[in-house]
**Q** 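Below is one structure. I have some questions about it.
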Amino acid sequence: MNVREVMSATKVIPVLAFKGVDEAVEVCGALVEGGIPVLEITLRHPTALDALEAVSKALPQAIVGAGTVMTPAQAEQARAAGARFGVSPGLTPTLAEAVQAADWPFLPGVSSVSEAMRATEWGFDALKFFPASASGGASFLSAVGAVLPQVLFCPTGGVKPDNAADYLALPNVPCVGGSWLTKRDADGRIDPAVVTDRARAAGQL
Ligand code: 3PG
């Protein structure tokens, strides 16, 4: 599966930050039940790699990837844990080289035209636009589509149910990413039933 196929499998890639393995398996199950097949588990917690491995095993029907991949070492660890794709908020020459050498489906982050041009020079034609709201939102991607029509974007960062449709209406945006599906309640918990409802609503976008 290449990264464009990952993007076209869903309208929304949930950006996930779990505090432990059990929470990850339970909440990812709720997302899949709500119809979301692609899961991005960010490497923002010491248990993230264990969570990635456990979720991949528990939900073989899901396409589980790693987010917040910043270094070649993290890319290698995430791949070893079973991540079928990787996402980064940015891109460095060493990271580009490592993921290309491993032939690992990868969505590097950009927030400017020059960064997008450089990413295409390195062979990436599907990019994360991050942080989307702070960097110009849907009107930025609309303008970029005129000069880089071959590049697809997954905007994340400030994407919410009330603005996701603006992005998804663009021809260069097959999917958006965001953390809203698994927002914690006042007690810091993620309610699986609420997650399934939000996932079903996201499927209607
Ligand atoms: C990301 O890593 O893509 C962002 O942290 C997600 O941004 P959001 O929390 O505004 O959805």
Side-chain angles (χ1 to χ4, degrees), residues 3 6-7 9-19 23-24 27-28 30-31 34 36-49 51-52 55 62-71 74-75 77-78 83-92 95 99 105-112 115-116 119 124 126-141 144 151-168 170 172-186 188-191 194-195 197-199 201-203 205:
V3 78
V6 174
M7 292 167 96
T10 190
K11 291 268 178 60
V12 179
I13 299 180
V15 178
L16 305 164
F18 295 120
K19 292 181 177 166
E23 177 181 74
V27 173
C28 286
L31 285 163
I36 302 277
V38 179
L39 308 168
E40 177 191 330
I41 298 179
T42 60
L43 305 183
R44 297 183 197 172
H45 192 270
T47 60
L49 290 170
L52 228 158
V55 171
I63 303 160
V64 185
T68 325
V69 178
M70 310 290 280
T71 65
Q74 285 180 321
Q77 289 164 349
R84 292 170 63 186
F85 67 95
V87 184
S88 179
L91 188 62
T92 66
L95 187 56
V99 300
F106 198 69
L107 206 56
V110 301
S111 63
S112 73
E115 288 172 8
F124 300 96
L127 307 172
K128 167 173 165 136
F129 174 46
F130 176 82
S133 291
S135 307
S139 53
F140 175 89
L141 288 182
V144 170
V151 180
L152 295 183
F153 292 91
C154 174
T156 70
V159 181
K160 300 266 165 357
D162 60 357
N163 64 6
D166 296 341
Y167 290 103
L168 290 167
L170 300 172
N172 55 351
V173 177
C175 65
V176 299
S179 64
W180 84 85
L181 295 171
T182 54
K183 195 170 177 324
R184 293 175 187 276
D185 63 22
R189 282 194 68 249
I190 307 175
D191 183 336
V194 173
V195 168
D197 286 347
R198 289 188 192 135
L205 281 170

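Atoms within each ligand, like the ligands themselves, are counted from 1 in listed order. One is the number of the first residue; the rest follow in order along the sequence.
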**Q** Need the ligand 1 atom indices (1-based, order shown) with element for anything under 4.0 Å from a heavy-atom of Lys128.
**A** 1 (C), 2 (O), 3 (O)

**Q** So, for Phe85 and Ile63, which heavy atoms are closest and what is the spacing to 0.1 Å?
**A** CE2-O, 3.6 Å

**Q** Quick one: look up the protein heavy atom nearest atom 2 (O) of ligand 1 and list residue, atom name and how far away it is.
**A** Arg44 NH2, 2.5 Å

**Q** Is there side-chain contact between Leu170 and Phe153, with heavy atoms separated by less than 4.5 Å?
**A** no

**Q** Touching ligand 1 at all, Lys183? Heavy atoms, strictly under 4.0 Å?
**A** no

**Q** Between Phe140 and Phe129 (judged by ring centroids, cut-off 6.0 Å), do the two rings come close enough to count as a pair?
**A** yes

**Q** Any idea which atoms of ligand 1 are less than 4.0 Å away from a heavy-atom of Gly157?
**A** 7 (O), 10 (O)

**Q** Check ligand 1 against Gly158 and write out every atom of the ligand that is under 4.0 Å from a heavy-atom position of the residue.
**A** 8 (P), 10 (O)

**Q** Provide, to 0.1 Å, the distance between atom 4 (C) of ligand 1 and the closest protein heavy atom, together with that atom's residue and name.
**A** Phe130 CE1, 3.7 Å

**Q** For residues Val151 and Asn172, determine if any side-chain heavy atom of one lies less than 4.5 Å from a side-chain heavy atom of the other.
**A** no

**Q** Do the side chains of Phe106 and Leu95 get nearer than 4.5 Å, heavy atoms only?
**A** yes

**Q** What protein heavy atom sits nearest atom 8 (P) of ligand 1, and how far away is it?
**A** Ser179 OG, 3.4 Å

**Q** Is the closest heavy atom of Gly177 to ligand 1 under 4.0 Å?
**A** no

**Q** Heavy atoms only: give me the nearest Pro14-Leu31 pair and the separation to one decimal.
**A** CG-CD1, 4.0 Å

**Q** Taking the side chain as everything from C-beta on, heavy atoms only, tell me whether Gln77 gets closer than 4.5 Å to Leu52.
**A** no

**Q** Identify, by atom number and element, the atoms of ligand 1 in contact range of Gly178, meaning under 4.0 Å from any of its heavy atoms.
**A** 11 (O)

